[in-house]
Amino acid sequence: MAVRKKVVDLLATAPGEKVLAKGWVRTKRGNKEIAFIALNDGSTINNIQIVVDKASVPADLLAKVTTGACIAVEGDLVESPGSGQAVEIHACSIELLGECDPVRYPLQKKDTSFEYLRTVAHLRPRTNTFGAILRLRSQMAYAIHEYFHSKGFVYLHTPLITAADAEGAGNMFQVTTLPLENLPKDKKGGIDYSRDFFGRRTSLTVSGQLEGELGATALGEIYTFGPTFRAENSNTPRHLAEFWMIEPEMAFYDIKDNMDLAEDFIKSLVKYALQNCYDDVKFLNDRYDPELLGRLQGVIDTAFVRLTYSEGIKILEEAVAAGHHFEEPVSWGMDLQSEHERFLVEQHFGKPVILTDYPKDIKAFYMKQNADGKTVRAMDVLFPKIGEIIGGSEREASFEKLENRINELGMSHRTLEWYLDTRRFGSCPHSGFGLGFERLLLFVTGMQNIRDVIPFPRTPKNAEF
Ligand code: ATP
Ligand code: MN
């Protein structure tokens with residue numbers, strides 16, 4: 001018996017071999033004498049065509065070779081007379097590994113909308129579209145590790161369970177083993193967290209950055225790449241409750257170095273997708289989004305625009321004066337919404353934008369304070385179709401300024417002492433940013449909804465699969 005070859009390899013093999021293929025049936029068609037089976041094993045967007053002489057295979061077996069069934073096929077790899085593929089398999093024998101009830105199989109031709117597929121998210125990887133997306137996702141993860149390793153960054157594993165709140169916001173998932181129906185109380189009547197598993201109140205992390213800074217101020221350049229959790233009840237096409245974030249953090253980088261790295265990083269990743277995942281990107285381009293390939297190439301070829309938040313606000317105000325309507329009115333000090341970000345990127349500049357020097361009141365406590373007393377050295381990278389894809393900053397390196405800001409915001413010192421040690425002992429200028437992995441994938445795949453670029457999405461009221 002021949003050794004099994006993956007479809008991707010079979011399609012690149014010269015005709016003339018005896019081969020063994022295994023996979024799931026996409027379609028079966030044919031006439032009285034011959035059946036044509038399109039077989040896919042997930043190794044590529046392309047199927048291999050199996051040609052079956054009906055006289056050579058039992059009719060009852062062939063009847064069970066239906067869409068979704070799993071089969072093993074042995075046969076001769078021959079040149080394909082049909083267009084669309086170089087080779088096909090002339091089957092000698094077919095083994096049915098797993099039947100698939102054609103009536104109950106949830107992936108039918110009749111409803112292939114993304115909304116429907118989310119309701120059968122456990123099976124949607126079997127579709128061409130999700131096959132392409134999930135292969136791309138895997139390749140991009142690999143490209144990210146390769147990028148940082150080639151630059152000598154250390155991959156730092158930061159904890160998922162934390163007692164700190166990196167953003168100072170309240171959108172965290174609490175982690176507890178306390179009995180919810182009978183909570184232990186302290187003397188003041190509050191919940192007694194000393195009795196909880198970790199002896200204190202803990203949550204799932206919203207960012208690995210604070211620990212990342214510990215790494216950078218020891219190892220120089222680090223990056224994290226892991227799951228991140230935010231209990232934000234915003235049902236948008238760009239937010240997940242569980243997503244993956246890449247957070248590089250670099251000693252001795254100022255905000256300019258930080259922007260240069262972010263721009264180079266994201267361009268390299270897009271380039272990698274075009275070079276290494278072309279079939280999948282092309283498939284998504286042709287099926288859903290004819291401008292996808294052009295948009296990807298465009299990002300590689302253009303220098304990102306860099307301007308300050310204040311300059312951005314001025315442009316938006318001018319647009320309003322000229323008659324443009326935004327849902328959320330524009331004024332200095334506001335947190336930009338996706339509509340504003342996309343206006344700057346898509347309408348005004350027509351290319352990605354890096355916005356810097358945001359008002360301190362809408363940014364996190366750890367960002368480096370500018371001399372004007374009003375703004376901080378933040379940088380957000382804004383992308384077409386998406387809005388914010390990266391958020392980062394130069395960090396405040398001065399112990400005093402950082403401590404003042406923590407006090408000003410009324411944050412708890414106690415849970416941040418370890419973080420303040422980075423500034424107490426051998427503080428250094430440093431910078432970093434966070435790239436939302438799924439936001440990157442939205443861009444690279446052209447998908448509209450973030451639920452469609454992660455295998456098992458977690459969003460409000462949805463954690464089924
Ligand atoms: P947004 O304003 O879009 O909600 P943010 O400013 O809260 O994002 P940051 O705290 O700066 O986000 O996080 C860094 C990056 O993580 C963002 O630029 C984005 O790419 C990604 N990100 C943030 N929140 C989410 C989420 N809920 N789901 C998916 N990705 C996210
Ligand atoms: Mn941000």
Side-chain angles (χ1 to χ4, degrees), residues 1-110 112 117 120 122-136 138-139 277-280 282-284 286-287 455:
M1 197 158 154
V3 210
R4 176 194 166 220
K5 261 194 183 180
K6 293 190 194 193
V7 171
V8 66
D9 298 325
L10 286 169
L11 291 173
T13 301
E17 267 184 45
K18 259 256 179 299
V19 295
L20 171 62
K22 297 182 183 182
W24 293 269
V25 175
R26 283 282 200 263
T27 57
K28 185 181 72 173
R29 57 191 178 82
N31 54 37
K32 273 213 179 79
E33 286 92 41
I34 301 177
F36 297 98
I37 300 166
L39 194 71
N40 192 283
D41 65 359
S43 61
T44 160
I45 187 74
N46 301 306
N47 304 322
I48 188 141
Q49 172 156 280
I50 316 286
V51 184
V52 189
D53 177 355
K54 287 189 172 172
S56 70
V57 174
D60 58 334
L61 181 125
L62 201 55
K64 289 178 182 165
V65 177
T66 55
T67 297
C70 187
I71 60 172
V73 179
E74 216 174 348
D76 300 304
L77 192 71
V78 301
E79 199 173 316
S80 175
S83 60
Q85 68 267 324
V87 290
E88 61 190 25
I89 298 175
H90 284 188
C92 306
S93 70
I94 294 181
E95 185 189 348
L96 189 63
L97 298 176
E99 285 181 49
C100 182
D101 183 339
V103 179
R104 292 184 53 220
Y105 190 46
L107 299 178
Q108 306 282 353
K109 279 264 179 303
K110 58 180 188 291
T112 54
L117 290 175
V120 289
H122 58 306
L123 288 172
R124 65 181 185 171
R126 298 259 195 109
T127 64
N128 288 331
T129 299
F130 282 89
I133 293 167
L134 295 180
R135 276 187 300 275
L136 266 162
S138 165
Q139 291 281 344
C277 319
Y278 186 78
D279 283 356
D280 287 325
K282 177 87 167 53
F283 168 83
L284 296 170
D286 295 353
R287 174 161 304 183

Stepwise, does the side-chain contact (heavy atoms from CB on, under 4.5 Å) test hold for Ile37 with Val65?
-> CA-CA 9 Å; Ile37 300 166; Val65 177; 3.7 Å; yes

Is the backbone of Pro455 close enough, under 3.5 Å, to the side chain of Arg124 for a donor and an acceptor to pair up by distance?
-> yes

Quick one: side chain to side chain contact (heavy atoms under 4.5 Å, CB included) partners of Pro102, sequence neighbours excluded?
-> Thr66

Contacts of Asp60 that satisfy side chain to side chain contact (heavy atoms under 4.5 Å, CB included) - sequence neighbours left out = Pro58

Output for pair (Leu77 CG, Lys5 NZ), nearest 0.5 Å, gives 7.5 Å

Looking only at heavy atoms, what is the nearest atom pair of Ala69 and Cys100, with distance?
-> N-CB, 3.4 Å

Is there side-chain contact between Thr67 and Lys28, with at least one heavy-atom pair below 4.5 Å?
-> no

Partners meeting side chain to side chain donor-acceptor pair (under 3.5 Å) with Lys54 (sequence neighbours left out) = none

Asn128 side chain reached by Arg287 side chain, heavy atoms, under 4.5 Å | yes

One should read off an interatomic distance between Asp280 CG and Arg135 CZ, to the nearest 0.5 angstrom, of 4.0 Å

Here the gap from Ser93 atom OG to Leu20 atom CG, rounded to the nearest 0.5 Å, amounts to 8.0 Å

Distance from Cys277 atom SG to Ile133 atom CD1, nearest 0.5 Å?
-> 13.0 Å

Sorted by chain and number, sequence neighbours left out, side chain to side chain contact (heavy atoms under 4.5 Å, CB included) with Asp41 holds for Arg4, Lys6, Val7, Ser43

Is there side-chain contact between Ile89 and Leu10, with heavy atoms separated by less than 4.5 Å?
-> yes

Decide side-chain contact (heavy atoms from CB on, under 4.5 Å) for Asp76 and Cys92; before the verdict, give the C-alpha distance in whole Å, the side-chain angles of both, and the deciding distance to 0.1 Å.
-> CA-CA 8 Å; Asp76 300 304; Cys92 306; 4.1 Å; yes

Do Thr129 and Leu284 come close enough that some side-chain heavy atom pair is under 4.5 Å?
-> yes

How about Thr127 and Thr112: do any of their side-chain heavy atoms sit closer than 4.5 Å?
-> no

Is there a side-chain contact (heavy atoms from CB on, under 4.5 Å) between Val87 and Thr13 once you walk through the steps?
-> CA-CA 8 Å; Val87 290; Thr13 301; over 6 Å; no

Quick one: ring pair (Phe, Tyr, Trp, His ring centres under 6.0 Å) partners of His90, sequence neighbours excluded?
-> none

Any sub-3.5 Å donor-acceptor pair from Ser80's side-chain atoms to Ala86's backbone N or O?
-> no

Taking the side chain as every heavy atom from C-beta outward, state whether Leu39 and Asn47 have any pair of such atoms under 4.5 Å apart.
-> no

Between OG on residue Ser56 and CD1 on residue Ile94, distance to nearest 0.5 Å | 7.5 Å

For side-chain contact (heavy atoms from CB on, under 4.5 Å), just list the numbers for Phe36 and Ile50, CA-CA rounded to whole Å, side-chain angles, deciding distance to a tenth of an Å, and then say yes or no.
-> CA-CA 6 Å; Phe36 297 98; Ile50 316 286; over 6 Å; no

Between the main-chain N or O of Phe283 and the side-chain N or O of Asp279, is there a donor-acceptor pair closer than 3.5 Å?
-> no

Can you sort out the partners of Glu79 under side chain to side chain contact (heavy atoms under 4.5 Å, CB included), two or more places apart, ordered by chain and number?
-> Pro15

Distance in Å, Glu95 CD paired with Lys22 NZ, rounded so as to fall on 0.5 Å steps | 7.0 Å

